[in-house]
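Heads up, the thing below is written out as structure tokens.
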Amino acid sequence: MKRVAIIFNPASGKGKLDQYKDKIMSELTDTFAEVNVYYTEQPGDGKEIVERVANEVDIIIAAGGDGTVNEIVNALCPLENRPAFAIIPGGTSNDFSRAVGMNQNPLKATEQLTEMTLEKVDVGQTDKNYFLNFWGIGLITHVASNVDSQIKDRYGRFAYYLRTAQTMGKAQPFHLKLEADNFSFDDEAAMLVVGNGTFTAGVQAFFPKGDVQDGMLDVLLIKETSVQVFWKMLQSKMANQPTQEEGYIYFQTKKLSVSATPEQLVDCDGERRCSTPSDITVLPKHLTMLVGNLN
Ligand SMILES: Nc1ncnc2c1ncn2[C@@H]1O[C@H](COP(=O)(O)OP(=O)(O)OP(=O)(O)O)[C@@H](O)[C@H]1O
């Protein structure tokens, strides 16, 4: 584990990483024998860099926000020989970096990386796309990802649910057909979220007890949206226990097939580029990551 490629997105988080760049580099060059730095200039560059350097390095670090991480992970996951992966958080939400216990200060996160704690983590796959955090349809695609960060820090899940409740009028229910390992559903629904990581938009909104190493996907199906349903969810622990409440269902599975009428836009780790139908599976321990505090 000596050769490192760090891919910076200078535009992430409105250029947030710029002030830390020199210190990040000196910390890395003190620890690793070879550190090559790359800068992305436009969408697609992260993918191209990974494809170019993956065979020559032991570790690829994504220094940027969730969009940068998503692009790099989508280029890494199909490779047969995957270098280890790490994240220096540089965006607004930084969901998977939080899930693997990275400090949200980029310099402290770099120090954590140099401790070289390696863990294998699960990855979600839907058709040709990979996700680390979540896949979702329905209401979730209407919730602005940037719930005010101060309010989010203070009120966590509650702020996110409140924002979701505010957008409720915008989402039309849809007819959902779902086939999972031990569960099927064929009825009206308002939202379906499939989680791998535990964070959505910077908060542990839906799967606070999720585990990125358990080889399972967490699934939350909201049948009808009402303030009462969100209130019930807020009070529940969602602790890896299958739950069937009046307004929502929670379960775990290794794979599921989803179709919807009308066709639904899919939000996959914040990227909205595909629509239903979708086949979703978990790739257990598919990526080796340098992590912070995983517990
Ligand atoms: N130099 C660049 N200028 C503008 N956009 C870029 C550049 N390099 C990469 N990109 C694109 O910017 C997009 C957004 O990046 P990223 O998500 O890291 O930042 P962010 O939007 O500020 O963070 P967050 O998603 O956490 O809010 C990525 O999809 C990436 O392809």
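Between Lys223 and Asp187 there is no salt bridge, since no side-chain nitrogen of the basic residue lies less than 4.0 Å from a carboxylate oxygen of the acidic one. Lys23 and Glu27 are not joined by a salt bridge, as no carboxylate oxygen comes within less than 4.0 angstrom of a charged side-chain nitrogen.
With a 4.5 Å cut-off on side-chain heavy atoms, Tyr38 and Glu48 do not count as touching. You'll find the side chain of Ser184 stays beyond 4.5 Å of the side chain of Leu178, heavy atoms only. Inter-residue side-chain proximity for Ile7 and Val50 is flagged as met; some heavy-atom pair is nearer than 4.5 Å. Within the 4.5 Å cutoff, no side-chain heavy atoms of Phe85 are placed close to those of Val121. In this structure, the side chains of Val53 and Asn36 stay at 4.5 Å or more apart for every pair of heavy atoms. You'll find the side chain of Tyr250 reaches within 4.5 Å of the side chain of Phe207, heavy atoms only. By the 4.5 Å heavy-atom criterion applied to side chains, Val258 and Trp135 are counted as neighbours. Val219 is not listed as a side-chain neighbour of Val193, based on a closest heavy-atom distance of 4.5 Å or more.
Ring-plane geometry between Tyr130 and His286 is classed as parallel, the angle between the planes falling under 30 degrees on a 0 to 90 degree scale with a further cut at 60. Using the six-membered ring where Trp is involved, Phe8 and Tyr39 have ring planes that are parallel, under 30° apart on the 30 and 60° scheme.
Connection of Leu217 to Phe199 is not established within any shared hydrophobic cluster, with ILVMFWY side chains joined at heavy-atom distances below 4.5 Å, either directly or through further cluster members. Val194 and Leu265 fall into different hydrophobic clusters, where Ile, Leu, Val, Met, Phe, Trp and Tyr residues are linked whenever their side-chain heavy atoms come under 4.5 Å apart, directly or through other members.
The minimum heavy-atom distance between Asn103 and Ala109, with the atom names listed, is O-CB, 3.4 Å. Nearest heavy-atom pair, Ala86 versus Leu290, reported as atom, atom and distance to 0.1 Å: CB-CB, 4.0 Å. Nearest heavy atom pair, residue Ile59 against residue Pro83, reads N-CB, 4.1 Å. Nearest heavy-atom pair, Leu17 versus Pro89, reported as atom, atom and distance to 0.1 Å: CD2-O, 3.9 Å. The two atoms that bring Phe174 and Pro262 nearest to each other are CB-CD, 4.2 Å, heavy atoms only. Residues Val69 and Ala62 approach most closely at CG2-CB, 4.2 Å, considering heavy atoms.
The backbone N or O of Ile24 lies less than 3.5 Å from no partner atom in the side chain of Thr110, so there is not a single donor-acceptor pair. A distance-only check finds no donor-acceptor pair linking the side chain of Asn94 to the backbone of Ser97 [under 3.5 Å]. In this structure, Thr276 contributes its side chain and Ser278 its backbone to no donor-acceptor pair below 3.5 Å. Between the side chain of Thr141 and the backbone N or O of Ile137 there is no donor-acceptor pair closer than 3.5 Å. For the pair Gln125 (side chain) and Asp127 (backbone), a donor-acceptor distance under 3.5 Å is present. With hydrogens and angles disregarded, a donor-acceptor distance shorter than 3.5 Å links the side chain of Asp58 to the backbone of Lys2. Counting only distance, with no hydrogens or angles, the side chain of Asp181 and the backbone of Lys254 share a donor-acceptor pair below 3.5 Å. Judged purely by atom type and a 3.5 angstrom limit, Glu71 uses its side chain to pair as donor or acceptor with the backbone of Gly44.
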Item to check | Evaluation steps, side chain to side chain contact (heavy atoms under 4.5 Å, CB included), between Ile87 and Ile61 | outcome: CA-CA 6 Å; Ile87 304 169; Ile61 303 174; over 6 Å; no
Next on the checklist: Pair Asn9, Thr68 - check side chain to side chain donor-acceptor pair (under 3.5 Å), show working.
Outcome noted: CA-CA 7 Å; Asn9 179 349; Thr68 306; 3.0 Å; yes
Next on the checklist: Under the criterion side chain to side chain contact (heavy atoms under 4.5 Å, CB included), I'd like the reasoning laid out for Val212 against Phe96: C-alpha separation, chi angles, the key distance, then a yes or no.
Outcome noted: CA-CA 10 Å; Val212 297; Phe96 208 67; 3.7 Å; yes
Next on the checklist: Is there a side chain to side chain contact (heavy atoms under 4.5 Å, CB included) between Asn74 and Ile72? Walk through the geometry before answering.
Outcome noted: CA-CA 5 Å; Asn74 270 278; Ile72 290 174; over 6 Å; no
Next on the checklist: I'd like to know whether Arg272 forms a salt bridge (Lys or Arg N to Asp or Glu O under 4.0 Å) with Asp267, so could you lay out the CA-CA distance, the side-chain angles of the two residues, the decisive distance to 0.1 Å, and finally the verdict.
Outcome noted: CA-CA 5 Å; Arg272 293 167 188 178; Asp267 186 334; 2.9 Å; yes
Checklist entry - Which is it for Met216 and Phe251 under the side chain to side chain contact (heavy atoms under 4.5 Å, CB included) test, yes or no, and what are the steps along the way? => result CA-CA 10 Å; Met216 300 299 280; Phe251 61 93; over 6 Å; no
Next on the checklist: Pair Gln252, Asp218 - check side chain to side chain donor-acceptor pair (under 3.5 Å), show working.
Outcome noted: CA-CA 5 Å; Gln252 292 187 308; Asp218 296 288; 2.9 Å; yes
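With rounding to the nearest 0.5 angstrom, the CZ atom of Arg3 is 12.5 Å from the CZ atom of Phe32. In this structure, CG in Leu176 is found 5.5 Å from CG in Leu192, a value given to the nearest 0.5 Å. Rounding to the nearest 0.5 Å gives a distance of 11.0 Å between CZ of Arg98 and CG of Asn133. We find the CD-CE distance between Gln112 and Met102 to be 4.0 Å, quoted to the nearest 0.5 Å. The NZ atom of Lys285 sits 7.5 Å away from the CG atom of Asp122 when rounded to the nearest 0.5 Å. Rounding to the nearest 0.5 Å places NZ of Lys21 at 12.5 Å from OG of Ser26.
More than 12 heavy atoms of other shown residues, nucleotides or ligands fall within 6.0 angstrom of atom NZ in Lys16. The environment of Asp30 atom CG is dense: over 12 non-hydrogen atoms of other residues, nucleotides or ligands sit within 6.0 angstrom.
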